[in-house]
Structures are given as C-alpha cells and as structure tokens.
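The structure appears right after this line, and notes come after that.
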Amino acid sequence: MAELRATLAGAGLNHVGVVSAPDYDRHAPAAVQAESVQPGTRSIVVVASGGRAHWDRFLDWVAADPVARLARSPHPLDTFCAGHVAGLGDLLAGCRAIFPTFYADVHLDFIRLGELAGLGRPSELGLLVSEPFGPWFGLRAALFVPHALDPTPPARCLCEGCPAPCQVVCPARIVGVRPFPWADCVAEQGRAGSPCQVGCDARAACIVAPAHRYDVLELTYHHDKPRGRALLCARFGVRDELLP
Ligand code: B12
Ligand code: SF4
Ligand code: SF4
C-alpha cells in the first residue's frame with residue numbers, strides 16, 4: 001500500500017482511502033456489488049486528488065505535447081489521470097480501475113464511495129469535505145483490488161457546529177437542504193447570468209482548508225468545459241482541433 005500511495009502521489013493523487021469489499025457491498029446496489037465489478041475483490045482503494053497538485057502535474061504533462069494531449073484530446077484531464085493509473089503496472093495486477101466519468105462502463109456514486117473509504121463526509125454543500133483538503137478534492141478512481149487492506153476509518157463531519165458561511169452565498173439557497181437537491185443546483189447553473197457557471201460560491205466560502213482552493217483556470221475547466229478548454233489552448237498556444 002505504501003508503494004501504491006507513493007506512486008499515486010507522483011501525479012498529485014494524494015488523498016487515498018480504503019473500504020473493505022464486505023462493507024462496500026453492504027451499501028452498494030446489486031448491479032455494482034464488488035464481485036460483479038471485479039471477481040476476487042477484497043478491498044476498494046478510492047483515489048482522490050487533494051488541492052492543486054494533480055492539476056499542476058496535468059499542466060506539466062500537457063506542456064510536453066499540447067497538440068496531442070490537449071488540442072486533439074476530448075478529455076485531457078481524465079486521460080492524464082487514467083494514464084497514470086494504467087502506469088501503476090504490476091501494482092495493478094488482478095485489479096480493475098473504475099473512473100467517475102460519464103463514459104465509464106460502470107457508474108459508481110463516488111460521493112458515497114469516498115465517504116465509505118474515509119476520504120470525507122457529505123457536507124452542507126452536497127460535496128465531501130475532509131480535514132486535510134476541505135471541499136478541494138476530486139474523486140479520480142476506484143481500484144477494486146484482490147488484497148485485504150486495512151480499511152480507513154470514517155472521516156469527521158466538519159459541518160457540525162460550523163457557522164456555515166457557505167449557506168448565505170448560494171444564489172439558489174439550497175446549501176444546507178438535505179438530501180442535497182442536485183436538480184436545483186443544475187437548474188441554477190443553467191440560469192442565464194448565474195455566477196455558478198464559473199464556480200460554486202458556496203464551495204469557495206467553506207472555512208475548511210481554504211489554502212487548497214483551486215485557481216481560476218482549474219475552476220473554469222471544471223465548471224465550464226468549453227471556456228476552460230479555450231483558456232488552456234490559449235495558455236499553450238495551440239488551436240483547439242475539436243472545435244467545428
Ligand atoms: C452529475 C454530476 C454533477 C451534476 C449533478 C449531480 C447529481 N448528483 O445529479 C452537477 C452538474 C450538479 C454537479 C455539480 C458539481 N459537481 Co459533480 N458530479 C457529478 C457526477 C459526474 C455524477 C453524480 C451522480 O449522478 N451520481 C450518481 C450516479 C453515478 O449513479 P447512478 O447512475 O444514478 O446510480 C448508480 C450508482 O449510483 C449506484 N449506486 C447507488 N448507490 C451506491 C452506493 C455505492 C457505495 C456505490 C459504489 C454505488 C451506488 O447504483 C446505481 C445504478 O448502478 C459525479 C462523479 C461520480 N461518478 O460520482 C461528480 C461529483 C459528485 N461532482 C463533483 C464536483 C466537485 C462538483 C462541482 C463542485 C462542480 C465541479 N465539477 O467542480 C459541483 C457541485 C456544486 C456543489 N453543490 O457544491 C465531485 C465531488 C468531489 C467531492 N469533494 O465531493 C464529483 C465526485 C466529481 C469528481 N470527479 O470528483 N455534479
Ligand atoms: S453551484 Fe451554485 S447552486 Fe450549486 S451549490 Fe454551488 S452556489 Fe449553490
Ligand atoms: S463552511 Fe462549514 S458548514 Fe459549510 S461546508 Fe464548510 S464545514 Fe460545512
């Protein structure tokens with residue numbers, strides 16, 4: 001596990017937790033039980049990127065060949081992450097990696113998975129919030145592995161007793177509503193002129209680990225992919241070859 005953690009950290013995949021297969025199976029529906037995702041699974045290693053390190057490594061990787069890795073690539077950040085995971089080589093023997101993308105062949109609820117693997121607790125924002133990284137981490141992969149690894153203990157809920165400055169800045173006033181009304185969040189992001197088209201103000205207001213907040217380029221890339229791509233292409237001086 002130490003070697004796996006160290007190799008993942010090389011790409012900024014620096015927030016890693018483990019849930020045992022039996023514990024995962026107690027929460028996951030029949031279609032995605034561990035044995036049907038990958039026969040022989042005994043643990044699931046959930047891999048996240050805390051703070052800006054993964055994004056910075058991604059920019060270094062793009063810089064080496066911006067035409068192939070950005071201008072001609074529909075999902076450059078996902079490709080970078082998947083490439084690093086594939087590069088784990090022997091460490092992945094007998095494992096299956098599942099990614100949290102829309103085009104993945106298995107769709108897992110990574111918020112639930114991240115919580116089970118002790119990476120954070122669902123917050124007033126709907127997102128997981130953790131002690132080391134606040135809400136500033138992304139879930140990047142789930143490795144279904146044939147080893148019985150020590151599970152990570154549950155994370156602490158940081159919203160309990162917090163004055164919740166996140167609630168008042170949400171234009172849709174949905175922060176704090178349980179269960180989190182994702183459909184209202186989507187609707188607000190689609191409203192003309194909404195500040196949520198370029199970032200989540202509630203996430204930015206979270207008082208936990210603000211030093212790990214993403215920069216404007218990364219925030220734009222996550223919230224407004226076309227504009228994020230345009231900014232990245234401008235930064236690397238390439239023409240987006242996927243534009244019509
Ligand atoms: C779609 C999506 C959105 C949509 C809508 C969310 C929704 N829930 O409908 C919108 C656009 C609103 C959105 C917004 C944001 N999102 Co979003 N989003 C997602 C995405 C891609 C899928 C969410 C989803 O639909 N989950 C349920 C789907 C996968 O499952 P399903 O097909 O319906 O059902 C199957 C499974 O759920 C399974 N299942 C059921 N129960 C269980 C239990 C277990 C244990 C398992 C394994 C499976 C399982 O069974 C079902 C049938 O097979 C996730 C990534 C992911 N794969 O989880 C990110 C994700 C949740 N988003 C994330 C983020 C960061 C954001 C934003 C901040 C914007 C951004 N990208 O920067 C904002 C959040 C605003 C806020 N409140 O703070 C992060 C959260 C990170 C964190 N720290 O918690 C995620 C995890 C992406 C990532 N790679 O990190 N998001
Ligand atoms: S993206 Fe906008 S609507 Fe959704 S939680 Fe954040 S501030 Fe509220
Ligand atoms: S500001 Fe406080 S209540 Fe809001 S998400 Fe962060 S920890 Fe939770």
Side-chain angles (χ1 to χ4, degrees), residues 13 15 19 21 23-34 36-37 44 46-51 54-55 75 77-78 81 98-117 119-131 133-142 144 155-177 179-191 194-210 212-214 218-225 228:
L13 298 169
H15 192 39
V19 54
D23 194 16
Y24 166 90
D25 282 344
R26 269 194 289 281
H27 297 89
V32 292
Q33 290 278 294
S36 53
V37 174
I44 297 103
V46 185
V47 178
S49 55
H54 186 58
W55 180 258
H75 305 291
L77 182 60
D78 295 346
C81 178
I98 306 291
F99 298 95
T101 57
F102 287 116
Y103 51 88
D105 40 8
V106 176
H107 285 182
L108 298 179
D109 182 339
F110 268 77
I111 289 206
R112 201 71 194 89
L113 199 47
E115 180 184 15
L116 290 174
L119 292 181
R121 288 282 287 277
S123 65
E124 303 286 289
L125 304 171
L127 302 175
L128 296 180
V129 168
S130 77
E131 234 153 324
F133 297 109
W136 302 107
F137 66 96
L139 284 309
R140 300 291 168 208
F144 286 68
R156 202 158 65 84
C157 178
L158 297 154
C159 298
E160 277 165 21
C162 173
C166 52
Q167 291 189 355
V168 289
V169 296
C170 170
R173 293 285 186 268
I174 53 174
V175 172
V177 176
F180 187 80
W182 288 103
D184 295 343
C185 181
V186 175
E188 175 59 34
Q189 291 183 39
R191 186 175 61 79
S194 168
C196 306
Q197 289 174 353
V198 288
C200 172
D201 285 350
R203 190 186 202 188
C206 181
I207 59 172
V208 186
H212 288 291
R213 189 175 170 174
Y214 301 162
E218 181 173 6
L219 282 174
T220 307
Y221 186 81
H222 290 310
H223 280 261
D224 181 351
K225 203 52 66 65

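Just so you know, these numbers come straight off a predicted model, no measurement behind them. Excluded from the calculations below are hydrogen atoms, water molecules and symmetry mates; all remaining heavy atoms, backbone and side chain alike, are included. Both ligands and their constituent atoms are indexed starting at 1 by order of listing.
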- Of V186, D184, V106, which has the heavy atom at the shortest distance from atom 12 (C) of ligand 1?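 Result: the heavy atom closest to atom 12 (C) of ligand 1 is in V186.
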Say whether, by atom type as modelled, one donor and one acceptor occur between the side chain of [X] and the main chain of [Y] under 3.5 angstrom.
X    : Y    : result
H27  : D23  : yes
E124 : F180 : no
H212 : G50  : no
R140 : F99  : no

- Give a yes or no on whether atom 34 (O) of ligand 1 lies under 4.0 Å from any heavy atom of the protein. no
- Message: In the complex you have, is atom 19 (C) of ligand 1 within reach of the protein, judged by whether a heavy-atom distance drops under 4.0 Å?
- Response: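 Within 4.0 Å: no protein heavy atom nearby.
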Suppose we measure from [atom] to each protein heavy atom; which comes out shortest, and what is that distance?
atom                    : result
atom 6 (Fe) of ligand 3 : C206 SG, 2.4 Å
atom 8 (Fe) of ligand 3 : C159 SG, 2.4 Å
atom 36 (C) of ligand 1 : H107 O, 3.6 Å
atom 83 (N) of ligand 1 : F137 O, 3.0 Å
atom 4 (Fe) of ligand 3 : C166 SG, 2.3 Å
atom 68 (C) of ligand 1 : R203 NH1, 3.7 Å
atom 2 (C) of ligand 1  : F102 CZ, 4.4 Å
atom 41 (N) of ligand 1 : P29 CD, 3.4 Å
atom 79 (C) of ligand 1 : L127 CD2, 4.4 Å
atom 90 (O) of ligand 1 : L139 N, 2.7 Å
atom 3 (S) of ligand 3  : E124 CG, 3.4 Å

- Task: Starting from atom 2 (Fe) of ligand 2, count all protein N, O or S atoms within a radius below 2.8 Å.
- Result: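 There are 1 of them.
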Can you list the atoms of ligand 1 that are under 4.0 Å from a heavy atom of [X]?
X    : result
L128 : 82 (C), 83 (N), 84 (O)
H27  : 43 (C)
L116 : 45 (C)
F110 : 56 (C), 57 (N), 58 (O)

- Task: Select one of side chain, backbone, both or neither to describe which atoms of C162 lie under 4.0 Å from any atom of ligand 3, heavy atoms only.
- Result: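 Looking at C162 and ligand 3, just side chain atoms fall under 4.0 Å.
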- Task: Determine whether any heavy atom of C200 lies closer than 4.0 Å to an atom of ligand 1.
- Result: yes
- Proximal ligand 2 atoms for F180, defined as those under 4.0 Å from one of its heavy atoms: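 In order of numbering, the contacting atoms are 5 (S).
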- Task: Please state whether the rings of H222 and Y214 are parallel, tilted or perpendicular, taking 30° and 60° as the class boundaries.
- Result: tilted
- Is the F137 ring parallel, tilted or perpendicular to the F133 ring (thresholds 30°, 60°)? tilted
- Counting heavy atoms only, which part of P100 comes closer than 4.0 Å to ligand 1: side chain, backbone, both or neither? both
